[in-house]
2 protein chains.
Amino acid sequence: MTRAPQKRRLETRTKLLSVAAAIVQEQGYSGLRVEEVVHQAGVAKGTLFSHFKDKDGLLAVLIGDQVTRLLDGMEAAGAPLDVAELTSRLAPHLDFVAQDRVIFDLLLRYSGTTAAEPDEVVEASFIRQVALLTRWLDYMQAAGAIRKDQPPQLLAEGVQAFLNHVLALGFCMAHETGPSPAQALEPYLQTWLQPPG
Amino acid sequence: MTRAPQKRRLETRTKLLSVAAAIVQEQGYSGLRVEEVVHQAGVAKGTLFSHFKDKDGLLAVLIGDQVTRLLDGMEAAGAPLDVAELTSRLAPHLDFVAQDRVIFDLLLRYSGTTAAEPDEVVEASFIRQVALLTRWLDYMQAAGAIRKDQPPQLLAEGVQAFLNHVLALGFCMAHETGPSPAQALEPYLQTWLQPPG
DNA sequence: TTTTATAATTGACCACGGTCATTTTCGATC
DNA sequence: GATCGAAAATGACCGTGGTCAATTATAAAA
């Protein structure tokens, strides 16, 4: 039985998160330095690590927050009617992750989270994303827009795989000014979701 | 026009690599410490970084070496006849990568390398792997074992995506003693390579 | 052989994430 | 308000990867 945290602790946590968010705002995720966060927050370094397991734990909260916003937008939009529409629904998420390798790396660590008990923000938002995708695909199957020979859960995992593939490709190109991630994604999804023979 | 390296330099490089390989042998890839390598090799730390861009550069040579061996084995085996056989051909590679997250992370950085001019070992072996996969799929298409509506190149990339997906899943499970990566891979490949309607 | 340009190596130094024994603060109880 | 046990915060310290101006070894030219 753990006690309720003191007021002071919640304030410190909030301060750390808002400072970190501000730094990310102007330096990007990969520009975040623990020393800078604790300095601007006016606390000692150890304090940060008593609030978050490690730097990734802090990033996870920030990133999970953004993903949650994106998911809100996706849910509001409703199920797509075809693969092209599905692709464009995924575009904001792709653009967000493609913006910084740190995001991609962190999300990849959780891309297999299916278990319940998601005490981490990222895990929670990830599970929500898979659930949403599965719902969409289920709907699209019913509407006859995609293949029906596989459970939507499996198809959703495939979509995940291609999302990550496209993102990884994008980061490898490095300096290449290719098309948007979503454009790169579409042929894979078309092929993956096409009805079988 | 760069000059040929001196004898001494080649010896140092060889020494560094053999020491590193020995350490990996008994500590695993994630157990490798730069300090330990240079100490055992009897050189200064700066020397290592004049031979390899960074720690990953060293790891890339070691890992690229192993992947090359695996590819030799795969090429010797010839093209698979169906998806099940394809899966089992990929099993050794999966097992190798699944053995240590460091390998997975490093390979993922290069999983989009399609350009020529592969001065890095990993890039070279990666390109070779994609080429081999493409050849196999081309053969399987001709044999009528898989779908023919997409170019083998695209199908090969999809296989790549699923390889990475399965591996990522495996690392997320963490303590879970699931089935072999290859077993987890097969349903995805079956679905991905199945002829369309 | 001596000179000389440059290749190769060196190791003190830095950046950054993370730890933990110690100290400070909080808030419940008397 | 005084006391005290637990919660919170502290900051000196560590591990590890990576840098770079200075030094040493090499081989070609004089």
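Throughout, a chain's letter reflects where its sequence line sits, starting with A, and its residues are numbered from 1.
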- [ ] Start with the C-alpha gap between B/H165 and A/Q160, add the side-chain angles, then the distance that decides, and say whether side chain to side chain donor-acceptor pair (under 3.5 Å) holds.
- [x] CA-CA 8 Å; B/H165 181 70; A/Q160 283 283 336; over 6 Å; no

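Legend: residues meeting side chain to side chain donor-acceptor pair (under 3.5 Å) with B/K45, ordered by chain and number and at least two apart, are B/E35. Partners of A/S18 under the side chain to side chain contact (heavy atoms under 4.5 Å, CB included) rule, at least two apart in sequence or in another chain, do not exist in this structure. For B/P151, the side chain to side chain contact (heavy atoms under 4.5 Å, CB included) test picks out B/L154, with sequence neighbours left out. Here B/R101 pairs with B/D105 under the salt bridge (Lys or Arg N to Asp or Glu O under 4.0 Å) rule; sequence neighbours left out. Remark: A/E85 engages A/R89 in a salt bridge (Lys or Arg N to Asp or Glu O under 4.0 Å) (not counting sequence neighbours). By the salt bridge (Lys or Arg N to Asp or Glu O under 4.0 Å) test, A/R13 is found to be paired with no residue, residues two or more places apart in sequence or in another chain being considered.
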Open item on the list: I need a per-nucleotide contact map over nucleotides 20-30 of chain C, read 5' to 3'. Cutoff is protein heavy atoms under 4.0 Å; write B for the base, S for backbone only, - otherwise.
Closed with: B----BS----

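One finds a salt bridge joining B/E75 and B/R135 here, because a Lys/Arg side-chain nitrogen approaches an Asp/Glu carboxylate oxygen to under 4.0 Å. A salt bridge between A/D138 and A/K148 is absent, with no side-chain N of the basic residue lying under 4.0 Å from a carboxylate O of the acidic one.
Applying a 4.0 Å cut-off to non-hydrogen atoms, the residues of residues 14-32 of chain A that approach DNA chain C are A/L32, listed by residue number. Remark: B/D54, B/K55 in residues 50-58 of chain B come within less than 4.0 Å of DNA chain D through at least one heavy atom.
Where B/E35 and A/V43 each meet DNA chain D at their nearest nucleotide, the meeting point lying more 5' is that of A/V43.
Residue A/L48 contributes atom CG, which lies 13 Å from atom C1' of C/dC16 at whole-angstrom precision. Here the P atom of nucleotide C/dA8 and the CD atom of B/E11 are 12 Å apart, to the nearest Å. The distance between atom CG of B/L10 and atom P of C/dA7, rounded to the nearest whole Å, is 14 Å. A/E36 has its CD atom 13 Å from the P atom of C/dA15, to the nearest Å. Rounded to an integer number of Å, the gap from B/R13 CZ to C/dT9 C1' is 16 Å.
Side-chain atoms of B/K15 do not come within 3.5 Å of backbone N or O of B/Q40 as any donor-acceptor pair. The backbone N or O of B/L108 sits nowhere less than 3.5 Å from a side-chain atom of B/N164 that would complete a donor-acceptor pair.
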Between side-chain atoms of residues 62-71 of chain A and protein atoms elsewhere (two or more places apart, or another chain), which donor-acceptor pairs fall under 3.5 Å?
from, atom 1, to, atom 2, distance (Å)
A/T68, OG1, A/G64, O, 2.8

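The line from CD of B/Q153 to CG of B/L133 is 10.0 Å long, rounded to the nearest 0.5 Å. Between the CG atom of A/D149 and the OG1 atom of B/T191 there is a distance of 6.5 Å, given to the nearest 0.5 Å.
Each end of the helix from C/dT1-D/dA30 to C/dC30-D/dG1 yields a helix axis from five base pairs, and these two axes differ in direction by 20° (to the nearest 10 degrees).
Each of C/dG17, D/dA8, C/dT9 was ranked by its minimum atom distance to the side chain of A/R9; first place goes to D/dA8.
Ring centroid separation for the pair A/F104 and A/Y29 does not come in under the 6.0 Å cut-off.
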Identify each atom pair where a protein N or O and an N or O of nucleotides 2-4 of chain D are less than 3.5 Å apart, giving names and distance.
none

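At a cut-off of 3.5 Å, with distance as the only test, no side-chain donor of B/Q190 or B/Q194 sits close to an acceptor on the other residue.
A/T12 has no side-chain polar atom (N or O) that falls below the 4.0 Å cut-off from OP1 or OP2 of D/dA8.
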